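Since we're looking at a predicted model, the values are computed, not measured. Remember, it's 1-based here, ligands and their atoms both numbered in the order they're listed. Just so it is clear, the values below take in all heavy atoms, side chains as well, and ignore hydrogens, waters and symmetry mates.
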Amino acid sequence: MSQERACPVCHSRSYARFADERIDPARVGALTYASRKPPEFMCLRLVRCLGCDLVYAPTPPAEDFLQAAYSEADFDSGPEALAAAHTYAAALGPHVQALAGRNAAVDVGAGSGPLLPYLQAQGFAPVIGIEPSRAAIEAAPPATRAMLREGMFSAALLDGEQVSLITSFMTLEHMRDPGTFVATAHGLLEAGGAIAVVVHDWRAPLNRLLGLRSPIIDVEHMQLFSPRALRELLQRAGFERIALQPIRNAYPLRYWLRLTPLPAGAKGLLLRLLERLGLADRQVALKVGNMLAVGVKPR
Ligand SMILES: [Zn+2]
């Protein structure tokens with residue numbers, strides 16, 4: 001069918017069924033396109049590419065719909081966003097140390113910018129966060145807000161900066177064309193510069209176990225990577241020395257509870273129990289099926 005897009009990583013058109021469309025129009029609200037909201041278990045029709053192992057929606061919403069949805073999305077993060085940035089900064093540490101350049105660092109899908117102070121502390125200058133949601137930018141502390149640029153990622157937003165590092169965490173699933181994103185990133189980076197991305201791994205044991213109840217099954221996700229698909233994405237753009245690793249996310253227990261597929265009543269009970277025990281804000285690090293990939297642009 002010519003209406004369907006080819007695999008956005010390897011351009012193959014042969015696929016196997018993965019999940020049928022489940023969309024409840026009554027529930028497609030402002031929160032649907034916000035990050036870290038309670039899982040809704042709605043999804044586009046998904047297939048698995050037989051060429052590269054990517055799971056993707058062959059008929060995603062149009063680009064202008066997505067742009068509007070994200071720019072108007074409510075912002076529902078705060079402490080969780082900070083905890084996530086902490087996790088990513090820790091995983092990124094050794095890769096940043098190995099990187100020679102300290103020109104611009106650009107975080108794509110920066111949200112309220114929790115990673116930006118870390119990048120600044122690592123000596124990158126300037127530090128730039130790109131974020132389509134105005135609500136997210138307005139939620140940033142003033143010093144961070146000054147580093148945020150509103151919009152979808154494009155070379156034009158960076159007006160000729162020398163770029164040493166491009167990061168993008170939990171954003172590639174939301175892009176209509178992740179191949180173009182990594183190719184653009186490769187073009188912008190200086191020789192020896194690096195890209196670092198964190199994505200869900202649909203092949204991770206927890207995600208396989210939860211199946212269609214996994215939080216990665218989400219109407220916003222236009223593709224889901226496996227280690228093989230992610231490596232292929234970076235290789236095709238010309239990145240080398242690609243390193244992949246699972247990462248542990250540290251969050252308060254109350255947030256883990258929110259992500260579970262339990263009924264709302266049970267969640268409420270458990271949350272009150274955790275609060276009474278004084279455990280609701282206890283940080284717990286778990287491998288929940290997310291992976292970090294870093295690739296270097298050859299000199
Ligand atoms: Zn493919």
For [X], all residues meeting ring pair (Phe, Tyr, Trp, His ring centres under 6.0 Å), sequence neighbours excluded:
{"X": "His186", "answer": "Phe239"}
{"X": "Phe181", "answer": "Phe153"}
{"X": "Phe18", "answer": "Trp202"}

Open item on the list: For the CZ atom on Arg102, are there more than 12 heavy atoms of other groups (residues, nucleotides or ligands in this structure) within a distance under 6.0 Å?
Closed with: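 Yes, CZ of Arg102 has more than 12 neighbouring heavy atoms, counting only those of other groups under 6.0 Å.
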Open item on the list: Taking 2.8 Å as the distance threshold, tell me the number of protein N/O/S atoms next to the Zn ion (ligand 1).
Closed with: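 Protein heteroatoms (N, O, S) closer than 2.8 Å to the Zn ion (ligand 1) number 4.
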- [ ] Taking atom types as modelled, find out whether Gln245 and His95 have a side-chain donor-acceptor pair closer than 3.5 angstrom.
- [x]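 The answer is yes; a qualifying pair exists.
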Open item on the list: Using the side-chain contact (heavy atoms from CB on, under 4.5 Å) definition, which of the options Ile217, Ile216, Leu224 pairs with Asn207?
Closed with: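 The option that passes is Ile216.
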